[in-house]
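Worksheet: the structure to be examined is printed underneath.
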Number of protein chains: 2
Amino acid sequence: MEPLPFLRALTPCDRCAVRKTSLCSRVNVDLQRDLARLSHHRTYRLGETVLAEMEATSFVGIVVSGVLRMQKSLEDGRQQLVGLLFRSDFFGRVFGGLSDYAIEAASDVILCCYERRAFERLTERFPELEHQLMLNTLDELDAARDWMLLLGCQTMPERVASFLLMLCRRGEPDEWVSGANLSIHLPISRRDMASYLGTTGESISRVIHEMSRRGIIKIRNAQDFEILNKRQLVRMSGRDDLSIRPAIAAQSSRSPYERLAAANGLPRSTGFH
Amino acid sequence: MEPLPFLRALTPCDRCAVRKTSLCSRVNVDLQRDLARLSHHRTYRLGETVLAEMEATSFVGIVVSGVLRMQKSLEDGRQQLVGLLFRSDFFGRVFGGLSDYAIEAASDVILCCYERRAFERLTERFPELEHQLMLNTLDELDAARDWMLLLGCQTMPERVASFLLMLCRRGEPDEWVSGANLSIHLPISRRDMASYLGTTGESISRVIHEMSRRGIIKIRNAQDFEILNKRQLVRMSGRDDLSIRPAIAAQSSRSPYERLAAANGLPRSTGFH
DNA sequence: TGTCGTCTTTGTTCTGGATCAAATTGAAAT
DNA sequence: ATTTCAATTTGATCCAGAACAAAGACGACA
């Protein structure tokens with residue numbers, strides 16, 4: 001039950017763009033007020049570092065607009081993008097301090113931030129805040145493992161298709177119509193996309209143009225596409241339709257091992273077919 | 001075996017093999033008693049499925065002995081191992097029910113289990129239990145992202161070296177002496193190891209024998225090795241020594257981007273050098 | 001409008017590992 | 001011990017995609 005407006009001070013949060021979907025709105029009003037009091041906005045330009053690798057995390061928060069990338073690097077310069085954060089996503093390593101990946105602005109971004117220690121103290125007073133964080137962390141863990149499957153055993157066409165479908169689900173919702181044709185806006189550079197998919201910009205370019213040649217997508221420009229044949233894109237991704245996860249999945253009667261046995265002697269595949 | 005009636009106050013947990021290191025012992029005594037009351041043991045043979053992919057998670061728990069593997073599979077039979085669970089590790093998907101990976105016994109295992117819903121109700125009554133789960137989940141998330149780096153941009157020799165070092169840290173502690181020579185027991189098959197590293201059994205075999213040829217390890221038999229030159233193994237892994245994470249890392253003065261620039265024009269590498 | 005610098009595309013070559021194949025080891029069952 | 005069957009090793013070939021190279025495309029700025 002929402003209290004009448006004149007009974008409490010209006011916080012900036014009441015008009016926040018990500019109010020309806022972010023973690024901070026899924027807790028009770030008292031806690032929301034405390035969070036509002038603690039919050040402050042920060043803005044970063046494309047490419048700026050929000051939190052460096054192995055730096056003590058001084059603040060955490062929510063993405064209000066733009067895209068953050070989480071990335072790890074090896075001494076010799078190789079990099080791996082380990083996650084993208086879109087509007088209303090929570091960022092920052094709580095409980096433990098040291099983040100073992102860098103958080104950088106993949107576009108111009110606005111962030112709603114909380115001083116980390118203060119935020120953690122709040123979770124102690126309000127278990128429901130920690131619970132929301134927990135649900136969030138579990139989702140991220142599922143997503144990370146899903147990406148391990150992609151990096152560990154999928155081909156480039158499968159990876160690119162999966163990535164495009166992921167953008168459909170997670171990208172700016174006002175950017176796509178839910179009709180037959182879906183528009184996709186790439187919020188990141190080819191280099192970032194390549195790093196996320198464990199490949200190179202050149203390979204991505206080739207796959208995307210091959211998709212276009214086959215009429216699966218239409219290339220408007222280097223970062224805007226239109227999905228012409230979603231069914232085929234899903235098929236190319238080598239997954240069940242990622243956007244449709246039934247609440248209760250049908251139980252498969254065959255174990256993974258039996259399925260593996262059934263797949264013995266599969267012909268080689270180019271990924272396109 | 002059933003405890004004698006007059007010993008009921010003493011829980012089986014008091015003599016549990018993983019008592020000192022597992023999540024359930026890091027909470028207060030009241031909660032420990034409730035947990036003990038809820039717990040029951042289950043045993044599985046090598047290869048048996050504990051929880052199938054996309055099956056509703058009916059129970060969660062702790063590994064008492066043996067190794068569990070978490071793995072995902074694609075329709076055509078390709079598989080990716082997304083994690084290994086050793087003694088005292090927590091397993092099972094809480095809050096959400098559907099696990100999107102299978103949990104299988106990678107060896108004979110003994111598990112200490114809690115009915116999932118009952119366990120979740122306990123976290124509502126005891127926030128500190130949820131907090132311990134949270135810390136655990138965050139660690140797993142860090143580990144998953146670390147593995148994404150490995151799968152996304154490391155060579156086979158690097159992956160195998162990283163894996164062996166990981167076993168040093170997480171494998172059975174009584175299996176290795178902390179002297180100059182370290183013994184490693186592979187608790188899983190080549191197939192599992194290959195799946196974890198995103199490669200094939202053949203490639204693993206070649207890398208391991210090349211390591212042996214170079215005097216980095218000694219092969220006692222197919223699943224028992226001895227590390228003869230840990231420094232070189234660490235170097236081969238392409239990482240900082242994974243087993244020594246300083247509480248506060250030295251802050252790197254160079255950003256990943258600068259380092260990338262510095263690494264331009266690197267010569268190709270076989271991984272061995 | 002041109003010029004610079006960056007990002008992307010397209011073309012070519014090369015190689016790390018996958019795949020295919022066969023031999024070897026090893027453990028369980030008879 | 002001997003047969004079976006599976007797991008591992010070793011050998012030979014092949015190819016998806018990396019690396020290298022060079023040519024557009026595009027935006028920023030004067």
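Letters go in sequence order (proteins before strands), and every chain restarts at 1.
At whole-Å resolution of the value, CD1 in A:I219 and C1' in C:dT8 are 11 Å apart. The interatomic distance linking A:E210 (CD) with C:dT10 (P) rounds to 11 Å, in whole Å. Rounded to an integer number of Å, the gap from CG of A:D192 to P of C:dT6 is 16 Å. As rounded to whole Å, 13 Å separates atom C1' of C:dT15 from atom CE of B:M156. One can place CZ of A:R78 at 13 Å from C1' of C:dG16, the figure rounded to the nearest angstrom. When rounded to the nearest whole Å, the span between CG of A:L46 and C1' of C:dT6 equals 12 Å. Between the CD1 atom of A:I208 and the C1' atom of D:dA25 there is a distance of 16 Å, given to the nearest Å. Atom P of nucleotide D:dA28 and atom CZ of A:R45 are separated by 12 Å, given to the nearest angstrom.
Listed pair B:S203 / C:dA18 meets the phosphate criterion, a side-chain N or O lying under 4.0 Å from OP1 or OP2. Close to D:dA18, at under 4.0 Å from its OP1 or OP2, lies a side-chain N or O of A:T199. Distances shorter than 4.0 Å separate some side-chain N or O of B:R190 from OP1 or OP2 on D:dT9. For the OP1/OP2 pair of C:dG16 and a distance below 4.0 Å, the side-chain nitrogens and oxygens of B:T155 include no atom meeting the criterion. For C:dC7, the OP1/OP2 oxygens have no side-chain nitrogen or oxygen of A:S189 closer than 4.0 Å.
When distances are taken from the side chain of A:H209 to each of D:dT9, C:dG17, C:dT10, the shortest belongs to C:dT10. Of the candidate nucleotides D:dA19, D:dG17, D:dT9, D:dT9 has the atom lying nearest to any side-chain atom of B:A222. Of all nucleotides listed (D:dG17, D:dT10, C:dT10), C:dT10 comes nearest to the side chain of A:R206.
A salt bridge does not link A:R206 to A:E202: none of the charged nitrogens lies less than 4.0 Å from a carboxylate oxygen. The pair A:R42-A:E48 does not meet the salt-bridge criterion, since no charged nitrogen lies less than 4.0 angstrom from a carboxylate oxygen. In this structure, B:D146 does not pair ionically with B:R159, as no charged nitrogen and carboxylate oxygen lie closer than 4.0 Å.
Proximity of A:E226 to A:I217: side-chain heavy atoms (C-beta onward) are nowhere separated by under 4.5 Å.
With hydrogens and angles ignored, no donor-acceptor pair closer than 3.5 Å exists between the side chain of A:R213 and the base of C:dT10.
With no hydrogens or angles considered, no side-chain donor-acceptor pair links A:R69 and A:S195 at under 3.5 Å.
In terms of position along DNA chain D, the nucleotide closest to A:Q154 lies nearer the 5' end than the nucleotide closest to the other residue of the pair A:E202 and A:Q154.
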